[in-house]
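On a predicted model such as this, the values are computed, not experimentally measured, just so you know.
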Amino acid sequence: MRTVSEYLSSVVREIPPSGIRKFFNAAEAGRDIISLGVGEPDFTTPKVARDAAARALDRGYTKYTENAGMLELREEISAYLDRGFGTRYDPASEVLVTVGGSEAIDLALRVLLSPGDELLVPVPNYIAYSPITKLNGGVAVEVETFASDGFKLTAEALRKQLTPRSKLLLVSYPNNPTGAVMTYEDWLPIAKLVEEHDLIVLSDEIYAELTYGRTHVSFASLPGMKDRTIVISGFSKAFAMTGWRMGYACGHSDLIGAMCRVHQYTLLSAPTLAQIAAIESLRHGLGDKDEMIMSYNNRRKMFVQGLRDLGLSCHEPEGAFYVFPSIASTGLSSQAFAERLLQEGRVAAVPGDVFGPGGEGFIRCSYAASEANLLGALERMDNWLRTLNRVGV
């Protein structure tokens, strides 16, 4: 008889465990560890949303909704995107409510990828994109970005990776892990290549609201790009609703309709109470959102300066809630630095190499943590780095 693991598909056997979860789990198991690992707001979901869900539960709103999600929520999402980013979608046919943004990404890849199709993805980037691509039969082609360019995607780097098999471009700005943001001018040469090579774009905009000193530019808002783009977002980051698993996808009705057909056979519909909470967040939780973003901005400035004071070169993040400092000056690899920082310095960060090429020599720290924890982490890092300098690597 075969071993149990031999019954697994060959594709699944080749999928590595999450490099982020490895350090998060180690931090959870350890004592007196300050964790800057997982990208989750330290805020509680705004009270208006929690109260709305509690009232709905008390009134018995526990049934399925439409497969695409409550029309009321889709209307609110459409109006919200129109007000904030200048991209308006027909709530009836161009908006799909999903179980988190992750399901939306998976659905988009399921309906668009045929075996061997290539998806271009800038790196460093969120670690799930390549595995999900592989699970859906596609080939992830990495497009490297660099600190010298602010970790922005350039047309030159993209052009070098284009082949006759290129079908999709997946972009995620503001970026996890670098905090990079693309401007309108940055996007224009990318849009030109997308049109020239007849690509579809998946634009993961889960951090769209979390920008500092500038307004997010949705790729779908560029001339001629709306019908070529599936915008993916959700409520986890900006509205502190990670555990509610509320996401959505917006795009051409043919694309969204195909995604909904798969969705109806797999997840059926997003959680009803979470949808009700999301409606309330969009109607009455925007003030809470803005207060959280202001707090992130203050923490961002403080933490970046703190890292620089420790002697670590640090790109200025303009979005999301991560910093991506270089640790090359220590002579340690990203993995070795993160392992030793956890074990000896009692601070959990994520090694940059798990985010793909270009991430080696960096670590990712989330500043979606309390100011006290951020200051404590800087103090511990300072003490540990001093020890490194005294005894050598």
Side-chain angles (χ1 to χ4, degrees), residues 11 15 67-69 73-74 77-78 81 85 87 89-123 125-143 153 158 165-176 190-191 194-195 197-208 218-222 225-237 245-270:
V11 175
I15 298 296
N67 293 135
L73 174 55
R74 286 180 279 147
I77 290 170
S78 177
L81 294 178
F85 309 114
T87 51
Y89 296 92
D90 178 7
S93 63
E94 296 181 326
V95 181
L96 171 64
V97 179
T98 60
V99 182
S102 297
E103 191 214 352
I105 295 167
D106 183 43
L107 288 173
L109 295 180
R110 286 196 195 201
V111 304
L112 287 168
L113 287 174
S114 296
D117 285 343
E118 292 179 352
L119 174 140
L120 298 140
V121 56
V123 290
N125 223 322
Y126 179 49
I127 63 172
Y129 298 144
S130 292
I132 295 175
T133 300
K134 189 169 187 176
L135 286 169
N136 285 296
V139 178
V141 177
E142 295 169 329
V143 182
L153 174 63
L158 179 60
R165 299 291 298 178
S166 301
K167 186 175 185 180
L168 305 176
L169 169 64
L170 197 161
V171 294
S172 180
Y173 293 93
N175 180 262
N176 169 15
I190 306 299
V194 164
E195 186 171 19
H197 292 267
D198 199 21
L199 302 176
I200 291 290
V201 176
L202 272 60
S203 186
D204 184 352
E205 302 183 17
I206 192 67
Y207 295 101
S218 174
F219 190 82
S221 70
L222 273 72
M225 291 299 111
K226 181 183 174 184
D227 284 350
R228 288 187 176 274
T229 304
I230 299 176
V231 171
I232 293 164
S233 193
F235 294 79
S236 292
K237 311 301 183 179
R245 307 312 302 133
M246 284 304 302
Y248 55 86
C250 303
H252 190 281
S253 58
D254 288 350
L255 299 175
I256 296 301
M259 291 170 65
C260 190
R261 288 200 302 275
V262 177
H263 171 76
Q264 70 185 359
Y265 289 120
T266 53
L267 274 300
L268 190 66
S269 63

Worksheet, complete the sentence: Correct closest heavy-atom pair for Val121 and Ala140 would be CG1-CB, 4.5 Å
Discussion item. Under the rule for side chain to side chain contact (heavy atoms under 4.5 Å, CB included), what residues qualify as partners of Ile206, not counting sequence neighbours?
Written reply: Asp204, Ser233, Lys237
Worksheet item: Among Val171, Ile232, Leu169, which one satisfies side chain to side chain contact (heavy atoms under 4.5 Å, CB included) with Ser203?
Response: Val171
Worksheet item: Can you check whether Ser78 reaches Tyr248 side chain to side chain, under 4.5 Å on heavy atoms?
Response: no
Item to complete: Find the distance between CG (Leu119) and CD1 (Ile200) and round it off to the nearest 0.5 Å.
Response: 12.0 Å
Worksheet item: Who are the side chain to side chain contact (heavy atoms under 4.5 Å, CB included) partners of Asp90, not counting sequence neighbours?
Response: Ala92, Ser93, Glu94
Worksheet item: Roughly how far, to the nearest 0.5 Å, is the OH atom of Tyr129 from the CG atom of Leu109?
Response: 10.0 Å
Worksheet entry | Listed partners of Lys226 passing side chain to side chain donor-acceptor pair (under 3.5 Å), at least two apart | none
Practice prompt. Can you tell me which residue pairs pass the side-chain hydrogen bond (donor to acceptor under 3.5 Å, both in side chains) test with a partner in residues 255-269, sequence neighbours excluded?
Written response: Glu103-His263
Worksheet, complete the sentence: The side chain to side chain contact (heavy atoms under 4.5 Å, CB included) partners of Leu135 (sequence neighbours excluded) come to Val11, Val12, Ile15
Worksheet item: Is the shortest distance from a Lys or Arg side-chain nitrogen in Arg228 or Asp198 to a carboxylate oxygen in the other one below 4.0 Å?
Response: yes
Item to complete: For residues Val111 and Val262, determine if any side-chain heavy atom of one lies less than 4.5 Å from a side-chain heavy atom of the other.
Response: yes
Worksheet item: How far does CD1 of Ile230 sit from CG of Leu202, to the nearest 0.5 angstrom?
Response: 5.0 Å
Worksheet entry | OG1 on Thr98 to CD1 on Ile105, rounded to 0.5 Å | 9.0 Å
Item to complete: Can you sort out the partners of Asp106 under side chain to side chain donor-acceptor pair (under 3.5 Å), two or more places apart, ordered by chain and number?
Response: Arg110, Asn136
Worksheet entry | Note, Val139 side chain near Arg165 side chain (heavy atom, < 4.5 Å) | no
Fill in: All ring-ring contact (aromatic ring centres under 6.0 Å, His included) counterparts of Phe219, not counting sequence neighbours
Trp187
Discussion item. When you compare the side chain of Leu199 with that of Lys167, does any pair of heavy atoms fall below 4.5 Å?
Written reply: no
Item to complete: Return each pair, listed once, that meets salt bridge (Lys or Arg N to Asp or Glu O under 4.0 Å) where at least one residue sits in residues 130-142; pairs must be two or more places apart or across chains.
Response: Glu14-Lys134
Response to the item:
Residues Ala270 and Val97: closest non-hydrogen pair is CB-CG1, 3.9 Å
Only distances under 3.5 Å count here; give the side-chain donor-acceptor pairs of residues 249-258 to other protein atoms, sequence neighbours excluded, each with its distance to 0.1 Å.
unit_1, atom_1, unit_2, atom_2, d
His252, ND1, Asp254, N, 3.0

Practice prompt. Write down the atom of Pro131, the atom of Ile127, and the distance for their closest heavy-atom approach.
Written response: CD-O, 3.1 Å
Practice prompt. For Ser218, enumerate each residue passing the side chain to side chain donor-acceptor pair (under 3.5 Å) test, keeping only those at least two apart in sequence or located in another chain.
Written response: Glu205
Worksheet item: Quick check: does any side chain N or O of Asn67 sit under 3.5 Å from a backbone N or O of Leu268, one acting as donor and the other as acceptor?
Response: yes
Discussion item. If the condition is side chain to side chain donor-acceptor pair (under 3.5 Å), which residues does Thr87 pass it with, not counting sequence neighbours?
Written reply: none
Worksheet item: Roughly how far apart are His197 NE2 and Leu158 CG, rounded to 0.5 Å?
Response: 8.0 Å
Worksheet item: Who pairs with Arg245 by salt bridge (charged side-chain N to carboxylate O under 4.0 Å, His left out), at least two apart in sequence or on another chain?
Response: none
Discussion item. Tell me the closest heavy-atom pair linking Met225 and Val194, and the distance in Å.
Written reply: SD-CG1, 4.0 Å
Worksheet item: Which pair of non-hydrogen atoms, one from Leu153 and one from Tyr173, has the smallest distance, and what is that distance?
Response: N-OH, 3.2 Å
Practice prompt. Report the distance from atom OG of Ser166 to atom CG of Leu120, rounding to the nearest 0.5 Å.
Written response: 4.5 Å
